[in-house]
Number of protein chains: 2
Amino acid sequence: GGKGSEAPRERRPPVSVAAVLPAGGSGERLGGCTPKQFCALLGRPLVSYTVRAMERISWISDIVVVVSPENVEVMKSIIKKYGHKRTTVAEGGMTRHRSIFNGLKKIAESHLLSSPLQKPEVVIIHDAVRPFVEEDILFKVVMAAKEHGAAGAICPLVSTVIASSADGCLDHSLDRAKYRASEMPQAFLFDIIHQAYHQCSDYDLDYGTECLHLALKYNKTNAKLIEGPPDLWKVTYKRDLYAADSLIKDNISQQVCVLTNMKEDAVQVGFLLHETLKSHVKLVKAISTSLCKNESHLQNILLGQCYNFICINDNLSNFQETHQLVEILENTNASLLYSVVLISVYLDFFENVSFISAMQRFTKFAKEVEKKNILLYGLSIHYQKDNLKLQETMDSAAALIMALIRDRNPAYVGQLLVA
Amino acid sequence: GGKGSEAPRERRPPVSVAAVLPAGGSGERLGGCTPKQFCALLGRPLVSYTVRAMERISWISDIVVVVSPENVEVMKSIIKKYGHKRTTVAEGGMTRHRSIFNGLKKIAESHLLSSPLQKPEVVIIHDAVRPFVEEDILFKVVMAAKEHGAAGAICPLVSTVIASSADGCLDHSLDRAKYRASEMPQAFLFDIIHQAYHQCSDYDLDYGTECLHLALKYNKTNAKLIEGPPDLWKVTYKRDLYAADSLIKDNISQQVCVLTNMKEDAVQVGFLLHETLKSHVKLVKAISTSLCKNESHLQNILLGQCYNFICINDNLSNFQETHQLVEILENTNASLLYSVVLISVYLDFFENVSFISAMQRFTKFAKEVEKKNILLYGLSIHYQKDNLKLQETMDSAAALIMALIRDRNPAYVGQLLVA
Ligand SMILES: [Mg+2]
Ligand SMILES: [Mg+2]
């Protein structure tokens with residue numbers, strides 16, 4: 001049908017592609033016990049973010065995650081819990097190269113055995129600890145691998161590289177302009193890298209770190225080098241987990257959806273909030289009729305990866321609109337990959353005589369829905385006819401909303417803030 | 001007197017030491033307009049953190065910050081605003097090496113002119129965008145410079161380093177085990193590095209990046225290389241600002257001071273809070289008499305760099321204890337370098353009939369003290385005789401307190417949370 005025509009920015013390489021994700025590192029540099037690929041970011045293991053980055057690209061047919069033997073079951077449960085498709089687990093070896101080789105063997109053997117995994121023309125190799133990989137660089141390395149046999153992303157060196165003498169003194173320093181840092185993703189014609197691993201020495205397998213080097217040494221393939229964006233960096237230290245956490249929060253704070261009912265005050269507050277938030281977020285969608293009639297509209301918003309909702313409630317005692325929205329979020333599994341922030345807005349909450357019992361009900365409800373990865377916060381807005389004062393209140397409300405959305409802090413779940 | 005005896009961990013190198021901080025970078029990699037050294041972290045420019053890291057070390061006699069001509073006044077105002085001592089500004093050149101050279105010349109000439117700057121035996125060179133430098137590594141590079149003439153911190157390479165051919169393909173990759181990343185701080189006998197800069201070519205000054213290289217090339221000095229901690233890394237990309245922000249917040253969330261009056265309920269809540277928080281923070285100090293009698297005790301706590309206070313209030317209508325503490329914080333300039341978090345605790349806030357006006361007064365007061373970099377939050381604790389339920393409430397209070405302290409988010413200033 002007409003909907004089947006490809007969007008202009010969807011590019012598909014004219015080759016079949018699979019990906020191997022080495023995830024066997026021990027995480028010693030972090031100083032903690034959990035290997036970094038299994039560290040939780042916003043409650044989800046880092047490796048799941050990287051798998052997702054691959055999975056969402058339709059032209060990558062299979063993803064093989066290689067983990068150390070003791071983590072095979074952990075990885076399988078991660079794949080199951082987060083519903084990752086086209087993803088299988090392979091058991092790693094003692095070193096990075098042996099693990100990647102195992103991943104390649106799994107793909108090659110599975111072809112011979114005619115299992116669901118198809119031997120691809122091109123294989124991408126990408127670290128499980130580089131979660132921010134985008135389609136653009138993947139497409140580029142795959143196309144370059146098709147032409148050159150091998151390709152890899154590179155970045156400028158941040159520090160000068162030096163060689164030391166035996167006594168720990170400077171021997172020489174390298175000219176920074178002539179060298180680059182070799183990053184991931186890399187891509188290879190499958191047969192080239194598979195053969196290189198078959199031919200390479202035990203010394204290479206045990207001490208080597210660079211796949212491009214193997215393709216050069218054993219296949220005389222000079223890999224094409226492609227400048228990558230800075231977000232390809234490898235999560236290595238504790239500070240990198242902090243950076244990744246903030247970048248993920250940035251990514252999912254871009255869109256906010258405002259929902260109001262048709263009552264006059266709520267409509268006005270919804271409209272003003274919508275206008276005020278426009279200067280803070282990229283996209284604000286508003287629905288101003290009842291939720292049940294708009295469930296398909298809401299489904300589209302959820303498909304567009306909106307993880308932030310503001311719901312203006314009419315009635316303090318039952319907050320019906322919030323309940324309805326929670327139900328829809330639950331039914332659509334909207335909070336599977338990321339927590340959903342839901343800010344429930346009330347006009348003049350504290351002026352209601354029964355506010356204490358309403359507050360208790362709200363807090364209790366919020367603790368319940370937190371189990372489903374929905375972070376529910378309350379916001380009381382003082383509604384006043386004076387337009388100037390009302391706009392001041394809206395600015396204050398927008399600041400609170402942006403902070404709640406940006407921080408996604410479970411500690412404040414069920415609290416009622418005042419704008 | 002007896003107090004003059006040195007604490008065991010205070011080590012002073014047996015040489016005079018000054019420091020040059022190049023801060024002239026343009027910050028292109030960040031993609032923003034503000035050069036990274038002037039980016040605000042928790043409201044204060046990054047360069048001020050680095051200056052402070054140097055300034056607190058008593059054996060560094062002078063700190064020269066080299067900035068581009070257009071930022072000289074900005075840098076002077078930063079030094080003034082944050083009260084940095086022993087710190088002067090030098091005007092930078094077109095490149096990193098020319099800027100460092102200018103810093104060294106400022107020190108050398110100022111010696112001839114017998115200005116306050118003394119020509120030191122050893123000079124430290126350290127980037128303004130590496131704020132987490134500790135005394136230990138500074139001591140080590142200075143001692144090694146005294147012995148070897150030059151020394152610098154190094155770190156393991158995170159990525160493999162490769163050389164590309166003219167057509168953008170892999171030429172060869174370096175064995176990661178044989179190379180290191182050259183980081184900062186570095187230290188030199190002043191005359192060695194000063195002479196190297198005088199002798200080096202315009203090409204070196206325009207295209208070089210490595211001070212250790214100049215000492216080797218022009219003085220045949222093989223710098224001693226010293227493994228540094230990972231926190232020496234250079235704030236280069238946006239993600240590095242996020243990481244630095246989180247690490248700074250970690251550093252100032254370690255200590256909490258709990259203040260209570262002598263009323264029975266407040267004392268019990270203070271005691272329980274103190275016990276509960278112990279498992280979250282390194283050090284909790286409690287004062288359970290009136291503030292005015294303990295001002296000198298409090299001064300010591302402030303000197304110990306405690307930036308987090310919990311104040312249990314007796315009376316809803318005047319929150320006298322909080323007012324007193326704010327006054328002391330203001331008088332001691334406690335919030336000059338870091339925001340001070342002050343959590344004002346009330347027992348059963350909402351059960352008081354006049355809570356709405358109390359809330360308004362509290363919010364207004366909080367907005368006032370925010371101007372002085374004091375972040376005031378309210379916390380209502382439901383006081384109940386049932387010990388089990390009270391402990392549950394305390395756990396909830398501790399979680400809220402830790403979140404407020406860790407986030408230091410100005411958006412929630414003046415809000416009243418409920419445990
Ligand atoms: Mg790794
Ligand atoms: Mg720099």
**Prompt:** What residues form a side chain to side chain donor-acceptor pair (under 3.5 Å) with A:Asn409, not counting sequence neighbours?
**Reply:** B:Asp407

**Most contacts with chain A, counted as non-hydrogen pairs under 4.5 angstrom, among B:Leu212, B:Ile356, B:Leu404** = B:Leu404

**Prompt:** Pick from A:Cys169, A:Ser159, A:Ala243: which one has the most heavy-atom pairs with chain B under 4.5 Å?
**Reply:** A:Cys169

**Prompt:** Pick from A:Thr221, A:Thr160, A:Asn222: which one has the most heavy-atom pairs with chain B under 4.5 Å?
**Reply:** A:Thr160

**Asked** Around B:Lys146, counting heavy atoms of other residues, nucleotides and ligands shown, do more than 12 lie under 6.0 Å from its NZ?
**Response** no

**Asked** Less than 4.0 Å between a side-chain N and a carboxylate O, is that true for A:Lys224 and B:Asp167?
**Response** no

**Asked** Judged by atom type as modelled, is there a donor-acceptor pair below 3.5 Å linking the side chain of B:Arg239 to the main-chain atoms of A:Trp233?
**Response** no

**Message:** Strictly below 4.0 Å, N to O, side chains only: are B:Lys238 and A:Asp250 in salt-bridge contact?
**Reply:** yes

**Message:** Could you report the tightest heavy-atom contact between A:Tyr242 and B:Ser246, atom names first, then the distance?
**Reply:** CG-CB, 3.3 Å

**Gap between atom CG of A:Asp175 and atom OG1 of B:Thr209 - 0.5 Å precision** = 7.5 Å

**Complete:** Here the pair of heavy atoms bringing B:Val158 nearest to A:Lys234 is O-NZ, 3.2 Å

**Request:** Report yes if the distance between the aromatic ring centroids of B:Tyr179 and A:Tyr179 is under 6.0 Å, otherwise no.
**Result:** no

**Prompt:** Tell me, side chain or backbone of B:Ala399 under 4.5 Å from chain A's heavy atoms, or both, or neither?
**Reply:** backbone

**Complete:** CZ (B:Arg176) and CD (A:Glu210) are apart, to the nearest 0.5 Å, by 8.5 Å

**Message:** Under the criterion side chain to side chain contact (heavy atoms under 4.5 Å, CB included), I'd like the reasoning laid out for A:Gln415 against B:Leu400: C-alpha separation, chi angles, the key distance, then a yes or no.
**Reply:** CA-CA 10 Å; A:Gln415 296 291 326; B:Leu400 286 167; 3.6 Å; yes

**Residue, of B:Ile154, B:Ile162, B:Val161, that accumulates the most heavy atom pairs under 4.5 Å with chain A** = B:Ile162

**Prompt:** Heavy-atom distance under 4.5 Å to chain A: side chain of B:Phe355, backbone, both or neither?
**Reply:** side chain

**Request:** For each of B:Thr363, B:Leu417, B:Asp231, tally heavy-atom pairs with chain A at distances under 4.5 Å, and name the one with the top tally.
**Result:** B:Leu417

**Asked** What is the minimum heavy-atom distance between B:Asp171 and A:Leu216, and which atoms define it?
**Response** O-CD2, 3.5 Å

**Shortest non-hydrogen separation from B:Val418 to A:Met359 and the atoms involved** = CG2-CE, 4.3 Å

**Request:** Can you tell which part of B:Leu416 gets under 4.5 Å to a heavy atom of chain A, answering side chain, backbone, both or neither?
**Result:** backbone

**Request:** Inspect the surroundings of NZ in A:Lys217 and state if more than 12 heavy atoms from other residues, nucleotides or ligands are less than 6.0 Å away.
**Result:** yes

**Fill in**
From the list A:Ile226, A:Asp245, A:Leu247, A:Asp240, the residue making the most non-hydrogen contacts under 4.5 Å with chain B is A:Leu247

**Item:** Most chain B-contacting option - heavy-atom pairs closer than 4.5 Å, from A:Ala215, A:Ser173, A:Gly152, A:Gly168
**Value:** A:Gly168

**Request:** With a 4.5 Å cut-off on heavy-atom pairs, point out which of A:Ser165, A:Ala223, A:Pro410, A:Ala163 contacts chain B the most.
**Result:** A:Ala223

**Asked** What is the distance from atom CG of B:Leu170 to atom CZ of A:Arg180, rounded to the nearest 0.5 Å?
**Response** 13.0 Å

